Trainee: 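One structure coming up, written as structure tokens, with questions to follow.
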Amino acid sequence: MRVLVTGGAGFIGSNFVRYLLKERADWDVVNLDLLTYAGNLKSLEDILDHPRHTFVRADISDQARLCEALQGHFDLVFNFAAESHVDRSIADATAFVRANILGAQTLIDLCRERGYGRLLHVSTDEVYGSLGEHGLFTEDSPIKPTSPYAASKAAADLLVLAAARTHGQDVVITRCSNNYGPYQFPEKLIPLMILNALDDLPLPVYGEGVNVRDWIHVADHCRGILTVAENGRSGSVYNLGGKSERQNLTVVKSILETLDKPESLIHFVTDRPAHDLRYAIDPTFVEAELGWTPRHDFETDLRATVHWYRENREWADEVRSGEYRQFTESWYGKRLGDETAG
Ligand code: NAD
Ligand code: TYD
């Protein structure tokens with residue numbers, strides 16, 4: 001087997017490439033990534049020279065470059081490549097339209113024109129929009145994205161499904177809840193809070209911290225993606241969730257407790273515009289059809305994740321240099337000067 005992974009220098013993609021090399025001992029993995037601010041070869045340091053791993057730098061929305069960069073046949077294609085941070089999409093959605101929508105279509109077309117095998121498109125529960133206090137997302141929940149990020153992911157999902165119906169392409173989609181674990185870019189809630197707490201910096205909690213996310217360990221997500229790619233029904237969508245709903249404030253307090261840091265570090269700041277209240281996945285379909293279920297315990301593995309960031313400061317410092325600093329200053333600068341009561 002020879003497989004293509006796009007976005008394999010990002011958080012989930014790098015965990016997935018590492019997982020594939022270990023779990024599928026006879027697979028060759030071509031890892032294609034643009035290396036945006038969120039993609040870092042530092043996240044692949046231990047496997048860059050692996051004999052079954054080849055890294056290629058390219059943009060999935062650049063058709064000419066993609067055609068030139070990719071030679072030979074692929075039995076499976078995994079598309080992780082995307083702009084992934086909601087706050088950035090609020091600040092400027094342009095890159096999201098290019099990478100998440102144009103990029104997805106460019107890849108879909110290439111798969112068809114070159115006769116590659118199945119395309120697994122990695123999507124998110126955020127395409128369903130927000131839940132109220134009750135209920136769960138199923139695969140039949142309406143697509144009602146709120147943020148530009150979620151809207152761009154929803155557009156890509158629809159293009160992938162259209163390719164299946166119009167051209168008979170072999171595709172599957174996974175929609176997963178919020179991931180945590182090693183190598184997550186420290187702009188997302190859990191790594192940001194861990195690193196700020198380690199440095200005794202303010203922990204900027206949006207609004208009152210009551211928003212709920214359904215946390216899944218990245219290893220459970222990776223296992224789910226491989227299960228769906230190998231055994232899923234062509235043209236289908238599979239929801240993957242962690243069965244671990246937690247309010248943001250609960251997560252932040254657990255991080256502080258693990259690090260033995262005071263709750264006075266928590267700063268309630270101006271809320272994110274149109275902040276989705278709650279996400280929660282009903283994974284019944286994938287459990288019944290493919291036997292996948294999340295295995296990780298949130299409290300145990302959140303503590304392990306906190307320790308990972310504490311022990312990998314060098315990685316965090318390196319990926320946080322450069323462009324990331326500018327975004328942090330423009331996004332949080334005003335918020336932290338304008339704290340709310342919480
Ligand atoms: P990430 O931001 O950490 O990584 C994205 C990677 O894609 C980076 O390495 C980046 O360089 C690369 N990339 C961006 N634009 C590209 C382009 N045009 N061409 C090639 N490479 C490009 O994101 P992540 O958290 O690892 O998410 C990976 C995928 O999983 C995304 O599609 C995201 O929507 C989806 N997802 C993420 C979560 C989550 O909690 N993080 C949950 C559900 C689904
Ligand atoms: P995030 O990690 O950005 O993921 P998503 O918005 O895709 O779910 O945010 C997770 C939750 O944490 C979300 O409710 C927003 C909140 N949050 C904060 O309170 N403060 C922050 O600085 C960040 C980045 C997120």
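Just so you know, residue 1 is the first one in the sequence shown, and it goes up from there. Bear in mind that the values here come from a model prediction, so they are computed numbers and not experimental data. Counting starts at 1 for both ligands and their atoms, following the listed order.
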Trainee: Just to check, does A9 reach to within less than 4.0 Å of ligand 1 when the distance is taken from its heavy atoms?
Mentor: yes
Trainee: Just to be sure I'm reading this right: ignoring hydrogens, which of Y37, Y279, F11 gets closest to atom 3 (O) of ligand 1? Compare them by their nearest heavy atoms.
Mentor: F11
Trainee: Check whether any heavy atom of Y180 sits under 4.0 Å from an atom of ligand 1.
Mentor: no
Trainee: Any nitrogen or oxygen of H275, main chain or side chain, under 3.5 Å from a nitrogen or oxygen of ligand 2?
Mentor: yes
Trainee: With the threshold set at under 4.0 angstrom, would you say S177 reaches ligand 1 through any of its heavy atoms?
Mentor: yes
Trainee: Is the closest heavy-atom distance from F80 to ligand 1 below 4.0 Å?
Mentor: yes
Trainee: What protein heavy atom sits nearest atom 18 (N) of ligand 1, and how far off is it?
Mentor: D59 OD1, 2.8 Å
Trainee: Any chance CD of E257 has more than 12 other-residue heavy atoms, nucleotides or ligands included, within less than 6.0 Å?
Mentor: no
Trainee: With a 4.0 Å cut-off, would you call D317 and K42 a salt bridge?
Mentor: no
Trainee: Among all protein heavy atoms, pick the one closest to atom 7 (O) of ligand 2 and tell me residue, atom and distance.
Mentor: E126 OE2, 2.5 Å
Trainee: Counting only heavy atoms closer than 4.0 Å, does ligand 2 sit against the backbone of L192, its side chain, both, or neither?
Mentor: side chain
Trainee: Within a reach of under 6.0 Å around CZ of R114, are more than 12 heavy atoms found that belong to other residues, nucleotides or ligands?
Mentor: yes
Trainee: Please state which protein non-hydrogen atom is closest to atom 25 (C) of ligand 2 and give its distance, to 0.1 Å?
Mentor: Y206 CE1, 3.6 Å
Trainee: Test of understanding: given a 4.0 Å heavy-atom threshold, classify the contact between D276 and ligand 2 as side chain, backbone, both, or neither.
Mentor: neither
Trainee: Nearest protein heavy atom to atom 22 (O) of ligand 2, by residue and atom, and its distance?
Mentor: Y332 OH, 2.7 Å
Trainee: For ligand 1, which atoms sit closer than 4.0 Å to a heavy atom of S84?
Mentor: 1 (P), 2 (O), 23 (O)
Trainee: Should S123 be listed as contacting ligand 1, given a heavy-atom distance under 4.0 Å as the test?
Mentor: yes
Trainee: Looking at D49, I'd like to know if its CG atom is crowded, meaning that more than 12 non-hydrogen atoms belonging to other residues, nucleotides or ligands lie closer than 6.0 Å.
Mentor: no
Trainee: Going by heavy-atom distance to atom 5 (C) of ligand 1, choose the closest among A104, A58, A82, G7.
Mentor: A82
Trainee: Looking at ligand 1, does L35 have a heavy atom less than 4.0 Å from it?
Mentor: yes
Trainee: Could you pull out, from Q247, R272, Q184, the option with a heavy atom nearest to atom 3 (O) of ligand 2?
Mentor: R272
Trainee: Starting from atom 10 (C) of ligand 2, what is the nearest protein heavy atom, named by residue and atom, and what distance separates them?
Mentor: L189 CB, 3.8 Å
